[in-house]
Amino acid sequence: MIRTHDAGTLRATHAGTTVTLAGWVARRRDHGGVIFVDLRDASGVVQVVFREEMATAHALRNEFCVQVTGEVGRRPEGNENPELATGEIEVTATELVVLSEAAPLPMPVDDQIDASDELRLKYRYLDLRRSGPGRAMRLRSRANQIARTILHERDFLEIETPTLTRSTPEGARDFLVPVRLQPGSWYALPQSPQLFKQLLMVAGMERYYQIARCYRDEDFRADRQPEFTQLDIEMSFVTQDDVIELGEAIVGALWKELADHEITTPIPRITWHDAMARYGSDKPDLRYGVELVELTDYLRGTEFRVFAGAIDAGGYVGAVVMPGGASQTRKELDGWQDWAKARGARGLAYVVLDAESGEARGPVAKNLSEAHLGGLADAVGAKPGDAIFFAASTDRREAQELLGAARVEIAKRAGLVDENVWAFCWVVDAPMFEPTEEGGWTAVHHPFTSPNAEWMERFEDAPDEALAYAYDIVCNGNEIGGGSLRIHRADVQRRVFDLLGITAEEASDKFGFLLEAFKYGPPPHAGIAFGWDRTCMLLAGADSIREVIAFPKTRGGFDPLTGAPTPITAQQRTEAGVDAKPKPAGPTAGTSGVAAPVEPS
RNA sequence: GGUCCUGUGGAGCAGUUGGAGUGCUCGCCGCCCUGUCAAGGCGGAGGUCGCGGGUUCAAGUCCCGUCAGGACCGCCA
């Protein structure tokens, strides 16, 4: 080692010790006759003092990489710095070696100053020298370790699965990789290891996990990157409760150690339907109340056409209350209309209750009968001074989701979110299917998700009502993990495919290898996958998953550091077989649509 | 694909109803300085105002287009 101690570990007990340190110049304070340098390494910062005889230190600049030898001493009386862990002492240098110099910095390596995202990503190696970003990396490493410890204690095997594979049917667009040895054929990068982990269950591994990189070619967000990580888990011979118990053990350990928060177990469970009815979301933020109230029956018979139209068509009318919302200006109330329109709704009807008289006012109030207005406050649980927002639609879920989004916005604007609270829940009993635009059905989770016991033998009777053994774990309104019991009976799988309109040929073409495996005694199995970036983001208190990824990409999928993606050369293009000519006919492939097979070129 | 915000020396920001010279803080370079910890003092260098077009006597400022970054919707478990 070219150093004897880590800078951040030095304490008063080291006084009198001669140490050699190595690290970076975090800051220098040059007084002419004496120079102070804050020396930073991964462990922290310590003040190094250069006296007159160490004149070479004048040439030091920020972020020079240096090796310093000197004696640890207590700082002179009154010069201690209680802000620093090493603030009681300093190192008086007797030797200085500049290991490497630093050019003028394109961005400050300083915890105080914030640079733009693009610049931070371009110089991510400088960004990560800062304590906040560096801490996020260390936290994530620790999170991995905690999860691995729990899983190994429980006899899980860490098994890697391919990243060059064929499409698995998660539903997102695949990233594709041309195959030089078979021009015209392509690998897909996995959207998740879903099918492989099920094969590992057939293989008798019984307990599998992997911190797995996944790839989805969709539009990106603050919490979505083209490549992301799942803590992926699958177990044989278990029930839903077993998976949930494991999930709670992992989450409990993570939050205990990394967020200093003891999660009360069992984590409350709410059914998907209750979550939609009460919170208008399948990932409800339970840090605050502001629950939805259904008014379909209460308002039955109303002459207000917006509501009557929805009710008569068998739809839904509901409301959500904004505490104190009556004090909003006309401009603010109009702002809600723009807010609603921005997410595709026609608008957001509202009534405000006068703070003194409790009288209902606002454009919608004129359209409601005396009787409806009279009991409204009680029906929705509103007080004088509150505002009531309404949504009505023939599509129950659509109206609930609008109110659910309004609920989140209300909490934000009314300051109801307590940032110090961690509110977890499991959302269980999710629906198996949802209707497609073409009048068919599609799997909400994925087509291998098992119907629950109640629906196992009759999900075809009412596909819109059938429930699955599927569960999501939600933290403060973020889905951090989800999973399901899988179908292991061939007959049930066949019936699900039938309902989804997947023929035997198509099924065999898309994932025949899994169906083939399921012929040979597949065990009952279930699993869960945690969105690891999102989980670490929450633990780090960050508001973007970019903060917990070492080298993230921008919204456009661009990496400002490497400049990826780049065009390829003509030679690469030819060798990769990107332009191989399609054959007129042949066996199909891919996850959907007709494949374009090729002639060898 | 849609809506919105941002783009001004290396960094972070200001720039009024369009009007004389684009200003501040940090950093950078030089000099001074023995107890600072966001050290201080003096001096200096550094800018196609993202890019293209238009309106105007005159555009950093107004309009159109475009590029880049960000937030959201659609999409995506």
Novice: Identify the pairs formed between an N or O of the protein and an N or O of nucleotides 65-68 of chain B at a distance under 3.5 Å, and give each distance.
Specialist:
from	atom 1	to	atom 2	distance (Å)
B:A68	O2'	A:Glu118	OE1	3.4
B:A68	O2'	A:Glu118	OE2	3.4

Novice: For a side-chain hydrogen bond (donor to acceptor under 3.5 Å, both in side chains) with A:Glu234, tell me which candidate from A:Arg486, A:Gln198, A:Gln194 qualifies.
Specialist: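 With A:Glu234 as partner, side-chain hydrogen bond (donor to acceptor under 3.5 Å, both in side chains) holds for just one option, A:Arg486.
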Novice: Indicate whether OP1 or OP2 belonging to B:C29 is found under 4.0 Å from a side-chain N or O atom of A:Arg61.
Specialist: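 For A:Arg61, the contact criterion (side-chain N or O under 4.0 Å from OP1 or OP2 of B:C29) is met.
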Novice: Between the protein and nucleotides 12-15 of chain B, are there any N/O to N/O pairs under 3.5 Å, and if so, what are the atom names and distances?
Specialist:
from	atom 1	to	atom 2	distance (Å)
B:G12	OP1	A:Ser116	N	3.0

Novice: Identify, with sequence neighbours excluded, every residue that meets ring-ring contact (aromatic ring centres under 6.0 Å, His included) alongside A:Phe459.
Specialist: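 A:Phe433.
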Novice: Which residue pairs pass the salt bridge (Lys or Arg N to Asp or Glu O under 4.0 Å) test with at least one member in residues 26-37 of chain A, sequence neighbours excluded?
Specialist: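 For residues 26-37 of chain A: A:Arg27-A:Asp110, A:Arg29-A:Asp38.
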Novice: Please tabulate, for the side chains in residues 336-350 of chain A, all donor-acceptor contacts under 3.5 angstrom to protein atoms that are two or more places apart in sequence or on a different chain.
Specialist:
from	atom 1	to	atom 2	distance (Å)
A:Trp336	NE1	A:Gln328	OE1	2.9
A:Gln337	OE1	A:Leu348	N	2.9
A:Gln337	NE2	A:Leu348	O	2.8

Novice: Is there a donor-acceptor pair under 3.5 Å between the side chain of A:Arg124 and the backbone N or O of A:Ala550?
Specialist: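 It does hold such a pair.
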Novice: Check the phosphate of B:C5 against A:Arg555, side-chain N and O only, distance under 4.0 Å to OP1 or OP2. Yes or no?
Specialist: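 No.
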Novice: In chain order, what residues pass the ring-ring contact (aromatic ring centres under 6.0 Å, His included) check against A:Phe424, with sequence neighbours excluded?
Specialist: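 Residues passing ring-ring contact (aromatic ring centres under 6.0 Å, His included) with A:Phe424: A:Trp255.
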Novice: Please tabulate the protein-to-nucleotide N/O contacts below 3.5 Å involving nucleotides 6-9 of chain B, giving atom names and distances.
Specialist:
none

Novice: Between A:His5 and A:His14, is the ring centre distance below 6.0 Å?
Specialist: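 Under 6.0 Å, so yes.
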Novice: What nucleotide among B:C28, B:C72, B:U36 has an atom nearest to a side-chain atom of A:Gln47?
Specialist: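 Closest nucleotide to the A:Gln47 side chain: B:U36.
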Novice: Of the options B:G69, B:C37, B:C76, whose atoms approach the side-chain atoms of A:Asp117 most closely?
Specialist: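 Looking only at side-chain atoms, A:Asp117 lies closest to B:G69.
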Novice: Of the options B:C37, B:A77, B:U34, whose atoms approach the side-chain atoms of A:Glu52 most closely?
Specialist: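 For A:Glu52, the side-chain atoms sit closest to B:U34.
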Novice: Just to verify, what does A:Tyr279 make a ring-ring contact (aromatic ring centres under 6.0 Å, His included) with, not counting sequence neighbours?
Specialist: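 With sequence neighbours excluded, A:Tyr279 shows a ring-ring contact (aromatic ring centres under 6.0 Å, His included) to no residue whatsoever.
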Novice: State whether A:Arg29 places a side-chain N or O below 4.0 Å from either non-bridging phosphate oxygen (OP1 or OP2) of B:U36.
Specialist: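 Checking A:Arg29 against B:U36: no side-chain N or O falls below 4.0 Å of OP1 or OP2.
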Novice: Flag the pair A:Phe196 / A:Tyr208 as yes when their ring centroid distance falls below 6.0 Å, and as no otherwise.
Specialist: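 So the answer is no for these two rings.
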Novice: Any salt bridge (Lys or Arg N to Asp or Glu O under 4.0 Å) involving residues 269-282 of chain A? Give me the pairs, sequence neighbours left out, ordered by first then second residue.
Specialist: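 Pairs touching residues 269-282 of chain A that pass the test: A:Asp241-A:Arg269, A:Arg278-A:Glu291.
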Novice: Return whichever of A:Asn62 or A:Phe36 has its heavy-atom-nearest nucleotide of RNA chain B closer to the 5' end.
Specialist: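 Its nearest nucleotide lies further toward 5', so the answer is A:Asn62.
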Novice: State whether the aromatic ring of A:His31 stacks on the base of B:G40, taking stacking to mean ring centres under 5.5 Å apart and ring planes under 30° to each other.
Specialist: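 No, aromatic ring not over the base.
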Novice: Would you kindly give the CD1-to-C1' distance between A:Ile473 and B:A77, to the nearest whole Å?
Specialist: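 Those two atoms, CD1 and C1', are 15 Å apart.
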Novice: In residues 220-234 of chain A, which ones come under 4.0 Å of RNA chain B, going by heavy atoms?
Specialist: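 Those residues whose heavy atoms fall under 4.0 Å from RNA chain B, taken from residues 220-234 of chain A in numerical order, are A:Arg221, A:Ala222, A:Arg224.
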Novice: If you measure from the C1' atom in B:G23 to the same atom in B:G9, how many Å do you get, rounded?
Specialist: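 Between the two C1' atoms, the distance is 12 Å.
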Novice: Closer to the 5' end of RNA chain B via nearest nucleotide, is it A:Lys553 or A:Arg75?
Specialist: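 Checking each residue's closest nucleotide, the 5'-ward one belongs to A:Arg75.
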Novice: Measure all distances between protein nitrogen or oxygen atoms and nitrogen or oxygen atoms of nucleotides 41-52 of chain B, and list the pairs falling under 3.5 Å.
Specialist:
none

Novice: Could you label the plane-to-plane angle of the A:Phe530 and A:Trp532 rings as parallel, tilted or perpendicular, counting under 30° as parallel and over 60° as perpendicular?
Specialist: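 Geometry flag for A:Trp532 against A:Phe530: perpendicular rings.
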Novice: Using the C1' atom as the point on both nucleotides, what is the distance between B:G47 and B:G27, in whole Å?
Specialist: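 B:G27 and B:G47 have their C1' atoms separated by 16 Å.
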Novice: Does A:His31 have any ring-ring contact (aromatic ring centres under 6.0 Å, His included) partners at least two apart in sequence or in another chain, and if so, which?
Specialist: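 Partners of A:His31 by the ring-ring contact (aromatic ring centres under 6.0 Å, His included) criterion, ordered by chain and then number, come out as A:Phe36.
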Novice: What is the distance from NE2 of A:His446 to C1' of B:A77, rounded to the nearest Å?
Specialist: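 Rounding to the nearest Å, NE2 of A:His446 and C1' of B:A77 are 10 Å apart.
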